[in-house]
Amino acid sequence: MNDQGHIAVLSNEVFENLISTGCRTFVDATVGAAGHALGMLVRNRNLHLIGIDRDQEALDRAGQTLKEYSGRVTLLRGNFRNLKEILQGIGISSIDGILFDLGISSYQLADSRGFSFNDDEGLDMRMDTREALTAYEIVNSYRQEDIARILYEYGEEHRSRKIAKVIFDSRKKEKIRTARQLASIVASAKKRTGRIHPATKTFQALRIAVNDELGSLAQGMDAAVGLLAAGGRIGIITFHSLEDRMVKERFRNDRTLNVLTRKAIKPGREEVLSNPRSRSAKLRVAEKN
Ligand SMILES: C[S@@+](CC[C@H](N)C(=O)[O-])C[C@H]1O[C@@H](n2cnc3c(N)ncnc32)[C@H](O)[C@@H]1O
């Protein structure tokens, strides 16, 4: 895929661990740009793939990418936290496998929704534009201590209080309207270390809060495990430690699951070099007893 596009991470590892020849009904709970989905459909000719995404633009793109396989694909818009109801809607109560590839795609980063530091468009960050809460609202109307809490809890940002204060002081002068403005306000409160932008954790935290990503993940995992047939597999790719910890604990504490990855699978050097976005990816896989 070209460099504007989204490159699916840990693809071979996903294919090897999640789709056996016996796998028939597979859910891609975050179909996105459909890189994983396409690979699975090519590799298993008996597979019916149900692709879910909360972002309509992502679904439209997935529809294009998977056009050739449309007879074996069902694309549905929704939040995977409602997986059970979404599948009930098409008469499915049992699945052979499921993948969650969390976070946002490179297309969304480039989409002028305020996900990216140098974005001059509105500070939005909603994956589903039907939802009400935006990053603009959090940044411009939440109390200083609530902003600090969000940055600390969801971004593991140690400068959370200082950053919340500069946000608060600056919005008193004028509303913070763009991602670029916010990134530069945060940069005034925190030094850059290495190549990582000082606002990285702040942006991660706001995105998680706007989209209730951790709440969705907890409910999505529960629903997925409930739907898996015996021998069916669940695979989850995470991009930061908060999510990875949740997945690890959820798998470990469930007696109906057999954890197949004692240690998370990480991308090799070559993948990280060719796709830097993959550097923090971790895949965990479990099988239903
Ligand atoms: C990293 S991308 C997935 C990329 C995909 N695996 C591929 O190969 O192109 C994550 C996608 O999940 C979607 N997403 C994130 N949270 C979601 C949720 N709670 N419910 C449904 N879709 C979600 C995002 O909109 C985004 O399109």
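Just so it is clear, the values below take in all heavy atoms, side chains as well, and ignore hydrogens, waters and symmetry mates. Just follow the structure's listing: the first ligand is 1, and inside any ligand the first atom is 1.
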Look at atom 12 (O) of ligand 1 and say which protein heavy atom is nearest, naming residue and atom and giving the distance to 0.1 Å.
-> T30 CB, 3.2 Å
Hey, does the side chain of D96 reach the backbone of R24 with a donor-acceptor pair shorter than 3.5 angstrom?
-> yes
Taking both backbone and side-chain atoms of G35, is any N or O found less than 3.5 Å from an N or O belonging to ligand 1?
-> yes
Just checking, R284 and F251: is the charged tip under 6.0 Å from the six-membered ring centre and within 45° of the axis?
-> no
For ligand 1, is any non-hydrogen atom under 4.0 Å from A34's backbone (N, CA, C, O), its side chain (CB onward), both, or neither?
-> backbone
Could you point out which residue of R126, R207, R81 forms a salt bridge (charged side-chain N to carboxylate O under 4.0 Å, His left out) with E213?
-> R207
Of the side chain and backbone of A33, name the one, both, or neither that has a heavy atom under 4.0 Å from an atom of ligand 1.
-> both
Is there a donor-acceptor contact under 3.5 Å linking the side chains of H48 and T74?
-> yes
With a 4.0 Å heavy-atom cut-off (strictly under), which part of E213 contacts ligand 1: side chain, backbone, both or neither?
-> neither
With rounding to the nearest 0.5 Å, note down the distance linking CG in D111 to CG in D119.
-> 9.0 Å
Answer side chain, backbone, both or neither: which part of H6 comes under 4.0 Å from ligand 1, heavy atoms only.
-> side chain
Determine the interplanar angle of the F117 and H197 rings, folded into 0 to 90°, and report it as parallel if under 30°, tilted if 30 to 60°, perpendicular if over 60°.
-> parallel
Verify whether one side chain among Q56 and D60 offers a donor that lies under 3.5 Å from an acceptor in the other.
-> yes
Closest approach of any protein heavy atom to atom 20 (N) of ligand 1, naming residue and atom = F80 N, 2.9 Å
Atom 23 (C) of ligand 1: the protein heavy-atom neighbour that sits closest, reported with distance to 0.1 Å | R54 CD, 3.6 Å
Please check if atom CD in E270 has more than 12 non-hydrogen atoms from other residues, nucleotides or ligands closer than 6.0 Å.
-> no
Please verify whether a non-hydrogen atom of A29 lies at under 4.0 Å from ligand 1.
-> yes
At under 4.0 Å between heavy atoms, which part of M127 makes contact with ligand 1: side chain, backbone, both or neither?
-> side chain
Looking only at protein heavy atoms, what sits closest to atom 4 (C) of ligand 1 is D101 OD2, 3.3 Å
Per-atom contacts, ligand 1 versus Q108 - under 4.0 Å to a heavy atom = 24 (C), 25 (O), 26 (C), 27 (O)
Chi angles and distances behind the salt bridge (charged side-chain N to carboxylate O under 4.0 Å, His left out) call for R250, D254 | CA-CA 6 Å; R250 176 69 184 73; D254 191 326; 2.7 Å; yes
Could a heavy atom of V31 be found less than 4.0 Å from some atom of ligand 1?
-> yes
Among D120, D55, D128, find the one that has a salt bridge (charged side-chain N to carboxylate O under 4.0 Å, His left out) with R113.
-> D55
Identify the closest protein heavy atom to atom 19 (N) of ligand 1: which residue and atom is it, and at what distance?
-> N79 OD1, 2.9 Å
For L102, is the nearest heavy atom under 4.0 Å from an atom of ligand 1?
-> yes
Check each heavy atom of N211 against ligand 1 and say whether those closer than 4.0 Å belong to the side chain, the backbone, both or neither.
-> neither
Does ligand 1 have an atom under 4.0 Å from some heavy atom of G78?
-> yes
Location of contacts on L217 toward ligand 1, heavy atoms closer than 4.0 Å = neither
Would one find more than 12 heavy atoms of other residues, nucleotides or ligands at under 6.0 Å from atom OH of Y152?
-> no
